[in-house]
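What follows is a short report on a single structure.
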Amino acid sequence: MNNIPPWVIFLGFTLLLSNHRLFIVAVIGYTIYRVIRSKNNDLGSKGKFGDFSEMFNREFGEYFPKKKSKPIDVTPRTKKTNISFSPPIMTPLQIWKAALAGIVALLVVFVIVDGFVDVKPGNAAVIFDRGRGVLEAPLTEGLHLKIPFWQEATKFQTKKQEFTMAGEYKGIDDVDAVRGRSKDGQDVLIDVTVTYQVDASDTPFLRGQFINEQGYKTNIVFPAARSVVYDAIGKFNALELISDKRDDFTAFIATNLQKTFGGNKIQFREVFIRKITFSPEFAAAIEEKQIAEQRIKTAENRKLEAEELKQKTIIEAQAEAESITLKGNALKQNPEVIQLQFVEKMAPSIQWGILPDGALPLIDLKSLQGQ
């Protein structure tokens with residue numbers, strides 16, 4: 001055991017805890033290596049194969065109990081007693097017993113490890129029984145027992161999962177994003193993320209139909225998502241995908257994925273349109289169109305402002321004219337109003353006054369003559 005490096009021992013225990021099959025392969029491989037090395041040593045020293053018992057003793061005898069022999073001491077007993085032991089020796093029967101015990105121990109470890117099923121949170125396990133087939137009741141979170149070798153456990157994720165199709169238009173030949181042609185014939189590239197989930201009660205169906213988790217992903221989730229998004233691109237014009245029809249585009253994908261996934265016991269959750277990319281030529285045309293539309297809107301806004309200002313001026317002029325007309329008509333009908341206003345604005349102490357040349361008197365002479 002001292003000849004085995006510490007890292008080999010550590011690796012062996014790590015393999016035992018993580019994967020018992022790899023541990024068994026490592027043990028068998030190491031045994032074969034020691035046997036071959038011993039055979040080579042025999043050929044090198046004797047020119048022929050040595051005795052198997054001798055070889056086994058040399059390679060593995062140190063790991064097993066040794067037969068002890070005590071020589072007969074006829075000398076007078078003294079205070080110090082010398083005891084010697086013979087070198088390690090194993091009989092052929094002991095060798096085969098030790099080998100059989102090692103094999104049995106490995107089988108016991110393998111059976112114990114294979115008999116447990118550890119189901120992590122967010123997962124479920126389905127048992128396939130070689131006699132009864134796929135069992136209907138899935139195993140939920142926790143540690144479970146099964147019949148070693150006779151039953152096989154397949155684990156499925158029950159938490160929400162996502163599948164993303166993404167890529168760039170330029171510089172990459174084989175992108176994962178969905179490429180298609182819009183209704184008006186434009187080349188469109190769309191990055192999409194689809195989320196889905198599997199219920200634990202549906203995992204036996206998935207085990208029977210698709211064998212394992214990768215089976216239903218490869219045969220249903222991935223191809224269905226690409227196909228539905230591709231069909232959706234052809235239902236809309238290119239500009240509709242980035243304008244008021246964007247929600248309709250997303251709803252079309254969601255409805256069809258829900259139908260396809262649901263028929264295979266897979267629950268559709270959400271779809272996210274992450275990015276929509278057009279060809280460089282079409283993107284440049286869209287930009288030029290937007291610039292032209294912005295200029296038109298700016299000119300229209302200025303025209304509307306001028307019209308509003310004109311209308312405002314006209315309305316104010318009309319209002320002022322109507323006001324003057326109304327005042328003139330009122331003065332014609334009631335000339336005393338002007339005299340009254342003039343007198344009210346004069347100082348109270350003024351009894352009489354002299355008007356300047358050219359000024360018309362505000363006193364009604366006819367009324368004075370009538371008095």
Side-chain angles (χ1 to χ4, degrees), residues 157 159-198 206 210 212-308:
Q157 293 188 56
K159 58 186 177 182
K160 185 186 291 187
Q161 304 177 69
E162 69 175 33
F163 167 54
T164 298
M165 299 172 286
E168 295 295 335
Y169 193 95
K170 297 176 65 177
I172 300 178
D173 296 331
D174 187 16
V175 294
D176 194 37
V178 182
R179 184 190 298 270
R181 288 202 172 271
S182 61
K183 190 176 180 180
D184 53 351
Q186 297 299 327
D187 194 12
V188 182
L189 194 72
I190 297 184
D191 291 8
V192 186
T193 295
V194 176
T195 61
Y196 59 95
Q197 196 168 4
V198 171
L206 297 176
F210 305 106
N212 53 30
E213 192 173 80
Q214 189 60 36
Y216 74 76
K217 288 181 179 180
T218 303
N219 292 281
I220 298 298
V221 175
F222 300 162
R226 298 190 69 86
S227 177
V228 170
V229 174
Y230 178 83
D231 292 340
I233 294 174
K235 299 292 183 180
F236 298 86
N237 294 327
L239 289 178
E240 292 178 341
L241 299 177
I242 56 175
S243 58
D244 56 340
K245 296 292 185 178
R246 175 81 174 259
D247 292 340
D248 295 339
F249 175 69
T250 305
F252 179 90
I253 297 174
T255 301
N256 286 273
L257 282 181
Q258 189 170 13
K259 184 186 302 182
T260 305
F261 285 7
N264 292 277
K265 304 295 184 180
I266 303 170
Q267 300 176 4
F268 168 78
R269 291 305 183 204
E270 296 168 300
V271 59
F272 302 97
I273 308 300
R274 303 170 63 247
K275 185 179 180 182
I276 299 178
T277 307
F278 301 105
S279 65
E281 296 78 12
F282 187 71
I286 292 176
E287 185 176 359
E288 291 178 0
K289 181 180 179 181
Q290 290 177 340
I291 293 174
E293 289 178 351
Q294 188 63 37
R295 289 174 179 172
I296 293 173
K297 288 182 179 180
T298 302
E300 289 178 350
N301 290 336
R302 291 177 179 175
K303 183 179 179 180
L304 289 174
E305 291 177 358
E307 289 289 337
E308 291 178 357

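Residues: numbered from 1 along the sequence shown.
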Next on the checklist: Using side-chain contact (heavy atoms from CB on, under 4.5 Å), reason through Phe249 and Ile253 one step at a time and then give a plain yes or no.
Outcome noted: CA-CA 7 Å; Phe249 175 69; Ile253 297 174; 3.7 Å; yes
Checklist entry - Yes or no on side-chain contact (heavy atoms from CB on, under 4.5 Å) for Thr195 and Phe272, after CA distance, side-chain angles and deciding distance? => result CA-CA 9 Å; Thr195 61; Phe272 302 97; 4.1 Å; yes
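Side-chain contact check for Phe278 versus Asp187: every heavy-atom pair is 4.5 Å or farther apart. Proximity of Asp231 to Asn256: side-chain heavy atoms (C-beta onward) are nowhere separated by under 4.5 Å.
Judged purely by atom type and a 3.5 angstrom limit, Ser227 has no side-chain atom pairing as donor or acceptor with the backbone of Pro223. A donor-acceptor contact shorter than 3.5 Å links the side chain of Glu213 to the backbone of Gln157. Between the side chain of Arg246 and the backbone N or O of Ile273 there is at least one donor-acceptor pair closer than 3.5 Å. Remark: side-chain polar atoms of Arg179 are not paired, donor with acceptor, to backbone N or O of Ile190 under 3.5 angstrom. Counting only distance, with no hydrogens or angles, the side chain of Arg269 and the backbone of Glu162 share no donor-acceptor pair below 3.5 Å.
Remark: aromatic rings of Phe163 and Phe222 are close, center separation under 6.0 Å.
In terms of heavy atoms, Asp191 sits closest to Ala177 at OD1-CB, 3.2 Å. Considering all non-hydrogen atoms of both residues, Val194 and Phe261 come closest at CG1-CE2, 4.1 Å. Closest approach of Thr260 to Ala224, counting heavy atoms only: CG2-CB, 3.8 Å. Contact between Val188 and Leu241 at its shortest, heavy atoms only, is CG1-CD1, 4.0 Å. The two residues Phe252 and Val228 make their nearest non-hydrogen contact at CE2-O, 4.3 Å.
Under a cut-off of 6.0 angstrom, the local environment of NZ in Lys235 is sparse, with at most 12 non-hydrogen atoms contributed by other residues, nucleotides or ligands. Annotation for Tyr230: atom OH does not count as buried by contact number, only 12 or fewer foreign heavy atoms lying within 6.0 Å.
Residue Gln161 holds its CD atom at 11.5 Å from CD of Gln267, rounded to the nearest 0.5 Å. Atom OG1 in Thr250 sits 11.5 Å away from atom CD in Glu270 (nearest 0.5 Å). Atom CD1 of residue Ile242 and atom CG of residue Asn237 lie 11.5 Å apart, to the nearest 0.5 angstrom. Note: Phe210 CZ to Ile266 CD1 = 6.0 Å, rounded to the nearest 0.5 Å.
Applying the side chain to side chain contact (heavy atoms under 4.5 Å, CB included) criterion to Ala254, with sequence neighbours excluded, gives Phe268, Val271.
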